[in-house]
Structure formats: C-alpha cells, structure tokens
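Below is one structure; the comments refer to it alone.
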Amino acid sequence: MIRGRWVRLADGRGGITATVMTSANAEDWTWLIDYLELNVNLSSVQQSFPADEHMKRAVTECRGLRLLKQEPWECLASFILSSTKQIVQIQQIVALLCERFGQPVRSPRAETWFSFPSIDRIAALSEAELRCCKMGFRAPYLKGTAEMILRGEVNLESVRTMDLATARAELMRFPGVGRKIADCVLLFAYGFQQAFPVDVWVLKAIKQLYFPRRRPNGKKILRFTESYFGPNAGYAQQYIFHYMRTRIGRVERRGNEKN
DNA sequence: AACCAGGGAGCGT
DNA sequence: ACGCTCCATGGT
C-alpha cells in the first residue's frame, strides 16, 4: 500500500515492473517515482560516501539499495511503534493496526488490503483499542502524537520548510519521539539527506568499524556521523545498517558472540 | 527461565 | 550533561 493505493512491485529483467489499480487511460506515475526516489542518481550518491574500506564493502554488498520517500504520518507513527521491538514484530503491530483501523482497498485479484489508519482515526481510538494491536506502552505515545497533530500543535507539512535542526526539534516534541526516531522520519519521509539515525545496529557498526579498541560516548559518535559521511549521510546510514544486519550481524550470531 | 528487541521518559547524581 | 531503570509483548 503506497499513499492509499494498492501496488505490486516485481523485480524484472532490467527494471521494476509495477502493477496498479487505475481507471484512467494515461496513468500518472509521479507518485510512484517519488516514493521510490527514482530521480535520485544512486551512483553519484554512492560516490559521495567516504572512500574507506567499510563503506566500499557496504556499497558492494548492498548494490542498488535505495531509500523510500514515505508519508510523514505513516512513517512517524510506525517508528513510534518501533522502540525496543524487533523488526518482524513492528511489522506485525503495523499490520494489525491497518487491518483493524485502516481503509479496505481491493487488489486486482479481489484481495482486500488495508491502508494505514488516518490521524483522526488513531486520535479517536481508546488506549485499550490501540493496545489490542500489541503495541504495549507505546499506545499513549501514538495517541498523544495523533492528538497533538489534530489540535494543530505541530504541523507535519510545515516541517518540510524547516532546516534540519529546527525540524528535528519540532518532531521531538511528540511523546515517544527522541533523537533517533526523529532522524528516521526526517530521512525516510521528509528527505533530509543529512539525517543519520543511530540505532543499536548502526551504533555497533560505528564502534566496531571506526572506533576499534576505544570507548566513545554517544555524543562523540553523533559528532562523528554528522561530519564524516558527507552530504548523503542518510543514504550511507542505510547502507551501513543493511550491511550490518544482513552480513556482519548474522555471522556474529552464528559465532556465539555476546551482544 | 532469563534475556533481548531499529528507544524514550523520568528519575537520580 | 550523564547514567540508570522501567516500560509491554513476543520470541529465543
């Protein structure tokens, strides 16, 4: 589901094949091109990365990896639900939320899918109803955030025009949103290329790859990420994250290593 | 049976 | 500014 539409994307020879539901003859594809960031020149982004061995390996291993330009509300809400949860469980919570409170949408094969629930819908739900989606203590965070937006305390559209630091501070006014989740929304929804979310995986990678045999505190790590990875630091973060999770992370798990 | 998970809030110092 | 604990739930 992308922006309320059903889409099937398939990896094909020489490109992506997209199947959509449409009534128009001349389909306008800008919404999908925008979502997939197909206007971004990936090789020039990769060339802006620092040329150290780790980044080169990450780029080689994760060839073709791209960021998506997600919708701010869906992205914000999803990441509020992400704290101290495994990715598969976050997916489960979001799926439950959509099935119960989203809008049903038909696929070409007459399957029923569900859009991500609107801000009003979430704000109108009771905390108990939200907890039924297994989000636990994150329920009041999500509801509180939806209510703040509804009251006009924070305007998600106005964030687009702000500079990075101001936009980050604005998002961090929401309950359950700290530096990491704010940076995720700034990068994945608003396209702030300099935003660099530091989660446990990236933290482990930075320490292991760039500060071996040292013990830098969180602040030092943040300052390093802000200066080292260049104008497309957010893309670099995604390469490191994916490289760490799909390559290095699994090796360590097999290798009986403590967290 | 403990321990952990794409963190953050609310304490204490 | 830092460090610590708790938070709810499912999986290992």
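Sequence lines set the chain letters: A, B, ... in the order given, protein chains first and strands last, and positions in each chain run from 1.
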To the nearest angstrom, the CD-P distance between A:Gln86 and B:dG7 comes to 10 Å
Span of DNA chain C engaged by chain A, first through last nucleotide within the 4.0 Å heavy-atom cut-off, is C:dC2 to C:dG11
A:Asp183 atom CG is separated from B:dG8 atom C1', nearest whole Å, by 14 Å
Would you confirm whether A:Thr112, through its side chain, and A:Pro104, through its main-chain N or O, come within 3.5 Å as a donor-acceptor pair? no
When you compare B:dG8 with C:dG11, how far apart are their C1' atoms, in angstrom units rounded to a whole number? 22 Å
Q. Parallel, tilted or perpendicular for A:Phe224 and A:Tyr210, by the 30°/60° rule?
A. tilted
* What nucleic acid atoms does A:Lys85 come within less than 4.0 Å of, heavy atoms only: base, sugar-phosphate, or nothing? -> base
Sugar-phosphate, base or nothing in reach of A:Phe241, heavy atoms under 4.0 Å
base
message: Side chains of A:Thr145 and A:Leu142, heavy atoms from C-beta outward: is any pair under 4.5 Å?
response: no
Tell me whether A:Asn39 at atom CG has more than 12 heavy atoms from other residues, nucleotides or ligands lying less than 6.0 Å away.
yes
Requested in this report: Would you indicate whether A:Trp113, at its atom CH2, is surrounded by more than 12 heavy atoms from other residues, nucleotides or ligands within a distance under 6.0 Å?
Outcome: no
note: A:Arg138, atom CZ; B:dG7, atom C1'; distance rounded to Å ~ 9 Å
Separation of B:dA9 atom P from A:Phe174 atom CZ, nearest Å, is 12 Å
In whole angstroms, the gap separating P of B:dG6 from CD of A:Gln70 amounts to 17 Å
By nearest-heavy-atom nucleotide on DNA chain B, the more 5' of A:Pro175 and A:Ile87 is A:Ile87
Exercise for the section: Tell me what A:Arg131 touches on the nucleic acid: a base, only sugar-phosphate, or nothing, going by heavy atoms under 4.0 Å. Expected result: sugar-phosphate
Chi angles and distances behind the side chain to side chain contact (heavy atoms under 4.5 Å, CB included) call for A:Gln237, A:Asp183 = CA-CA 11 Å; A:Gln237 184 271 3; A:Asp183 278 357; over 6 Å; no
Practice item. Looking at every strand, decide which applies to A:Gln237 at a 4.0 Å heavy-atom threshold: base, sugar-phosphate, or nothing. Key: base
Checklist entry - Using atom C1' of each nucleotide, how far apart are B:dG6 and C:dG3 to the nearest Å? => result 22 Å
Sequence neighbours excluded, the answer for side chain to side chain contact (heavy atoms under 4.5 Å, CB included) partners of A:Ser83 is A:Phe137, A:Arg138
Classify the nucleic acid contact of A:Ile181 as base, sugar-phosphate or nothing, counting any heavy atom under 4.0 Å across all strands shown.
sugar-phosphate
Atom CZ of A:Phe137 and atom C1' of B:dG8 are separated, to the nearest Å, by 8 Å
**Q.** C1' atoms of B:dC4 and C:dT5, separation to the nearest Å
**A.** 16 Å
note: A:Phe79, atom CZ; B:dA5, atom P; distance rounded to Å ~ 17 Å
Base, sugar-phosphate, or nothing for A:Val177, non-hydrogen atoms under 4.0 angstrom?
sugar-phosphate
By side chain to side chain contact (heavy atoms under 4.5 Å, CB included), A:Ile87 pairs with (sequence neighbours left out) A:Gln91, A:Phe241, A:Arg245
Rounded to whole Å, the CG-P distance (A:Leu203 to B:dA5) equals 12 Å
Heavy-atom nearest nucleotide on DNA chain B taken for A:Asp199 and for A:Tyr141; more 5' hit belongs to A:Asp199
